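Here the structure comes first, spelled out in structure tokens, and everything after it is commentary.
Treat the numbers as computed from the prediction; the structure is a model and nothing was measured. All residue numbers refer to positions in the sequence shown, counting from 1. First listed ligand is number 1; within each ligand, the first listed atom is number 1.
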Amino acid sequence: GARAPRSSCSRDSSGSPSLRNPRYRVVLLGDPGVGKTSLVNLFAGVQERDLLDQHGGAAYERRLTVDGEETTLLVLDTWEPEQRGEESQRRSHCLQVGNAYIIVYSVTDRDSFESASELRIQLRRARQAEDIPIILVGNKTDLVRCREVSEEEGQACAAVFDCKFIETSAALQHNVAELFEGVVRQIRLRQGGKKS
Ligand code: GDP
């Protein structure tokens, strides 16, 4: 197909953020209904919802200060479910462009937890040689009585897949700021490691 024009969303602009206010692309993955849009709305504020990425998906940009240093996160909420086993362009685009990934499942939906593992595998396949930060997120912890996946299972899964883990509730706004701060810290850790 035609080559995508170089833009702020192209992969090759990702490696050289300005030193004073670096900008990182974070991609949300996960089954429909697990709370991706709810989480990113809390992060960005609803009024900033109008940004669009080059594929027409929702993108949200916000500056945040973590450990005294400012960073800009561009969060892409463009993931779509697989259709009849076909790999869509948007899906493979998503797997290529992130500087970090947030894989979300709902603690009330075991299928979405299985999907999260599958996504982790797809991501590893798509970005084989790269050490990309990945955060596994169990959302909807407020729905205590509907829980199907325990916190221990989530932790164990994250350990197997070598990623960070956090449980959140978008409804109660619990751990949402911590999630995005954690993403920034993970990105910085990787960069520090490369320099030394
Ligand atoms: P997405 O398809 O992954 O983007 O999921 P949405 O953000 O659209 O959320 C799907 C539904 O789950 C919506 O009705 C949300 O209000 C609800 N939801 C999202 N997060 C939570 C949560 O933490 N707790 C509860 N109780 N509902 C949630």
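Counting the atoms of ligand 1 from 1 in the order shown, those under 4.0 Å from a heavy atom of Ala170 are 20 (N), 22 (C), 23 (O). Which parts of ligand 1 touch Lys36 is read off a 4.0 Å heavy-atom cut-off, strictly below it: atoms 1 (P), 2 (O), 3 (O), 4 (O), 5 (O), 7 (O). Interface of Leu143 with ligand 1, defined as ligand atoms under 4.0 Å from a residue heavy atom, comprises 26 (N). Annotation for ligand 1: atoms under 4.0 Å from non-hydrogen atoms of Ser169 are 23 (O). The atoms of ligand 1 that sit less than 4.0 Å from any heavy atom of Asp31 are 3 (O).
Atom 25 (C) of ligand 1 is approached by the protein to below 4.0 angstrom, counting heavy atoms only. Atom 14 (O) of ligand 1 is not flagged as protein-proximal [any protein heavy atom, distance under 4.0 Å].
Under a 4.0 angstrom heavy-atom cut-off, Pro32 registers as being in contact with ligand 1. Not close to ligand 1: Leu28, with no non-hydrogen atom less than 4.0 angstrom away.
Counting heavy atoms closer than 4.0 Å to ligand 1, residue Asp142 contributes side-chain atoms (C-beta onward) but none from N, CA, C or O. Heavy atoms of Asn139 found under 4.0 angstrom from ligand 1 belong exclusively to the side chain.
Residue Phe161 is not grouped with residue Val149 when hydrophobic side chains (ILVMFWY) are merged at heavy-atom distances under 4.5 angstrom, including chains of intermediate members.
Minimum heavy-atom separation, Asp31 to Lys36: O-NZ, 2.8 Å. Thr108 and Ser106 make their closest contact through OG1-OG, 2.6 Å (heavy atoms, listed as atom of the first residue, atom of the second, distance).
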Next item on the list: Please step through salt bridge (Lys or Arg N to Asp or Glu O under 4.0 Å) for the pair Asp131 and Arg190, ending with a clear verdict.
Entry: CA-CA 8 Å; Asp131 181 22; Arg190 300 288 194 293; 3.0 Å; yes
